[in-house]
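The structure's right below; bear with me while I get my questions together.
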2 protein chains.
Amino acid sequence: MKEHEIGTLRFGLDLSLPLYEQIVNQMRGSIARGEIALGEKVPSVRELAQGLKINPNTVMSAYKELERDGLTETRRGQGTFITHSQETVDQFRSEWAEKAIDDFIEKMDNLGYSLEDISSIIQRKKEGRV
Amino acid sequence: MKEHEIGTLRFGLDLSLPLYEQIVNQMRGSIARGEIALGEKVPSVRELAQGLKINPNTVMSAYKELERDGLTETRRGQGTFITHSQETVDQFRSEWAEKAIDDFIEKMDNLGYSLEDISSIIQRKKEGRV
DNA sequence: TCAAGTGTATTATTAGATATAATACACTTA
DNA sequence: TAAGTGTATTATATCTAATAATACACTTGA
């Protein structure tokens with residue numbers, strides 16, 4: 001996986017997912033984990049495209065999705081910025097965690113694992129007994 | 001989601017995933033949960049295609065993947081059958097659970113949730129306090 | 001023996017998603 | 001006013017998924 005440093009951000013792209021989705025995921029993560037400050041400017045569409053050696057339209061796709069999430073605000077002529085609303089970030093973070101959890105539980109249920117089973121497995125992982 | 005009964009099996013298809021993947025997932029689940037007996041015959045390619053109102057080639061794709069999993073054996077002229085090996089089924093089940101767990105943990109980590117956090121959330125789910 | 005029911009292979013076509021390419025336009029700021 | 005922003009448009013290429021229509025190989029039971 002090629003690692004890129006663009007501005008203050010680190011990106012790694014591979015072939016596991018569409019490029020624009022990987023960008024969205026990594027930005028969502030950086031924002032949710034608080035690694036990007038509220039209101040901070042993110043790389044411009046062209047700058048990120050050059051840095052990652054991909055097409056500007058692909059970056060645009062990613063940025064549009066982040067704006068739909070409410071995680072960024074764009075100002076024509078100025079750039080794209082992280083939202084100022086900590087509440088929006090927190091809400092996004094818990095909503096996405098909830099989705100991930102429910103999907104996971106459903107997948108495990110399909111394989112015949114109960115919540116009880118899942119709980120023990122997580123417990124084992126926590127104790128390092130893989 | 002349209003529900004179909006084909007032979008002893010119940011299928012439901014939607015638009016969330018490729019059709020062949022949904023078939024594979026639902027068969028994997030039925031097998032892993034032990035709802036289909038070892039050695040049992042599954043619907044023929046044409047029968048399942050007719051029942052689900054989809055193309056036989058799509059069913060073929062799904063059945064090929066199940067065979068790659070080792071979960072089924074096909075006998076030309078006779079049909080497709082669940083493996084006789086309980087060990088294969090058990091191993092498949094735990095391998096796929098492991099994958100699901102690791103993917104889930106990675107996704108949660110990206111959002112800034114620790115194993116400890118995950119553990120509490122599962123605990124809450126278990127106690128019904130959503 | 002043969003018809004019916006199996007899996008399998010092939011070729012063609014369509015539709016949608018993804019990514020690239022090349023421009024052009026609108027806006028902001030120094 | 002030039003340089004750097006976001007945005008929109010049109011075109012092209014590639015890949016995956018699904019369908020369609022056949023054809024062939026094998027097994028079984030009447």
Side-chain angles (χ1 to χ4, degrees), chain A residues 1-2 4 6-9 11-27 36 39-83, chain B residues 1-2 4 6-9 11-27 36 39-83:
Chain A
M1 166 131 69
K2 277 188 196 169
H4 300 81
I6 292 96
T8 157
L9 299 175
F11 284 89
L13 300 183
D14 54 37
L15 299 174
S16 66
L17 280 179
L19 299 178
Y20 81 94
E21 262 187 67
Q22 296 183 53
I23 295 173
V24 170
N25 285 341
Q26 292 179 37
M27 294 277 269
I36 314 184
E40 187 171 319
K41 186 175 182 302
V42 299
S44 77
V45 170
R46 291 171 180 82
E47 185 187 358
L48 185 53
Q50 281 194 339
L52 298 178
K53 299 183 206 304
I54 62 178
N55 196 279
N57 296 341
T58 304
V59 176
M60 244 333 255
S61 287
Y63 277 17
K64 272 190 197 157
E65 189 151 336
L66 289 169
E67 195 171 16
R68 278 193 296 273
D69 287 341
L71 293 178
T72 57
E73 293 160 5
T74 60
R75 295 175 221 142
R76 203 188 188 85
Q78 297 187 45
T80 302
F81 303 82
I82 306 300
T83 178
Chain B
M1 164 132 67
K2 278 189 195 167
H4 301 82
I6 291 95
T8 158
L9 298 177
F11 283 90
L13 300 183
D14 54 37
L15 300 173
S16 66
L17 280 179
L19 299 179
Y20 80 94
E21 262 188 66
Q22 295 183 54
I23 295 172
V24 171
N25 285 341
Q26 292 179 37
M27 294 276 271
I36 314 184
E40 188 170 318
K41 185 175 183 303
V42 300
S44 77
V45 171
R46 290 170 181 81
E47 185 186 358
L48 186 52
Q50 281 194 339
L52 298 178
K53 300 184 205 304
I54 62 177
N55 196 279
N57 296 341
T58 304
V59 176
M60 242 336 255
S61 287
Y63 278 16
K64 271 190 199 158
E65 189 151 337
L66 289 168
E67 195 172 17
R68 276 194 297 272
D69 287 342
L71 293 178
T72 59
E73 293 160 6
T74 60
R75 295 174 221 143
R76 203 190 190 84
Q78 298 186 44
T80 303
F81 304 81
I82 305 299
T83 177

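Please read all numbers here as calculations on a predicted model, not as lab measurements. Residue numbers start from 1 in every chain, and the chains themselves are labelled A, B, ... in the order their sequence lines are given, proteins ahead of strands.
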Tell me which of A:Leu19 and A:Arg75 sits closer to the 5' end of DNA chain C, going by the nucleotide each one is nearest to. A:Leu19
Would you sort out whether A:Ile54 and A:Ile23 count as a side-chain contact (heavy atoms from CB on, under 4.5 Å), showing the intermediate values? CA-CA 11 Å; A:Ile54 62 178; A:Ile23 295 173; 3.7 Å; yes
Gap between atoms CE and C1', on B:Met60 and C:dT6 respectively (whole Å):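 So the CE-C1' distance, B:Met60 to C:dT6, works out to 11 Å.
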Of the residues in residues 46-54 of chain B, which ones touch DNA chain D at a heavy-atom distance under 4.0 Å? B:Arg46, B:Ile54
If every non-hydrogen atom of B:Leu17 is compared with every non-hydrogen atom of B:Gln22, which pair is closest and at what distance? O-NE2, 2.6 Å
Contact check, side chains of B:Leu66 and B:Thr80, non-hydrogen atoms, under 4.5 Å: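 Not in contact.
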At less than 4.0 Å, is any side-chain N or O atom of B:Thr58 found next to OP1 or OP2 of D:dA18? Yes or no.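 No, outside the criterion.
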Please work out if B:Ser61 contacts a base, only the sugar-phosphate, or nothing of the nucleic acid, heavy-atom cut-off 4.0 Å. nothing
Separation of B:Leu15 atom CG from D:dA17 atom C1', in whole Å? 13 Å
Value in whole Å for how far the C1' atom of D:dT19 lies from CG of B:Leu13: 15 Å
Taking only the side-chain nitrogens and oxygens of B:Thr80, find out if one of them lies under 4.0 Å from OP1 or OP2 of C:dT6.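 So the side chain of B:Thr80 is outside the cut-off, no N or O lying under 4.0 Å from OP1 or OP2 of C:dT6.
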Please report the shortest heavy-atom distance between A:Val45 and A:Tyr63, naming the atom on each side.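 Smallest interatomic distance, heavy atoms only, reads CG2-CD2, 3.9 Å.
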Here the distance between atom P of D:dG6 and atom CZ of A:Arg68, to the nearest Å, is 16 Å
Out of C:dA19, C:dT28, D:dA17, which nucleotide sits closest to the side chain of A:Tyr20?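 That would be C:dA19.
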Heavy-atom nearest nucleotide on DNA chain C taken for A:Asn57 and for A:Glu21; more 5' hit belongs to A:Glu21
How many whole angstroms separate atom CD of A:Gln22 from atom C1' of C:dA17? 15 Å
Tell me the closest heavy-atom pair linking B:Gln78 and B:Lys41, and the distance in Å. O-CE, 3.3 Å
Can you measure A:Glu67 atom CD to D:dT7 atom C1' for me and round it to whole angstrom units?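 Interatomic distance, CD of A:Glu67 to C1' of D:dT7: 11 Å.
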Tell me the interatomic distance from A:Arg76, atom CZ, to C:dC27, atom P, rounded to whole angstroms. 6 Å
Under a 4.5 Å cut-off applied to non-hydrogen side-chain atoms, are A:Gln50 and A:Arg46 in contact? no
Can you find a pair of side-chain heavy atoms, one from A:Met27 and one from A:Leu71, that are under 4.5 Å apart? no
Out of D:dA20, C:dA19, C:dT6, which has the shortest distance to the side chain of B:Asn55? D:dA20
Any B:Gln78 side-chain nitrogen or oxygen under 4.0 Å from OP1 or OP2 of D:dT28: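 For B:Gln78, the contact criterion (side-chain N or O under 4.0 Å from OP1 or OP2 of D:dT28) is met.
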Is there a side-chain contact between B:Thr74 and the phosphate of C:dG7, meaning an N or O under 4.0 Å from OP1 or OP2?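 No, because none of the side-chain N or O atoms of B:Thr74 sits under 4.0 Å from OP1 or OP2 of C:dG7.
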Can you measure A:Lys41 atom NZ to C:dT28 atom P for me and round it to whole angstrom units?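 Checked: the NZ to P distance equals 15 Å.
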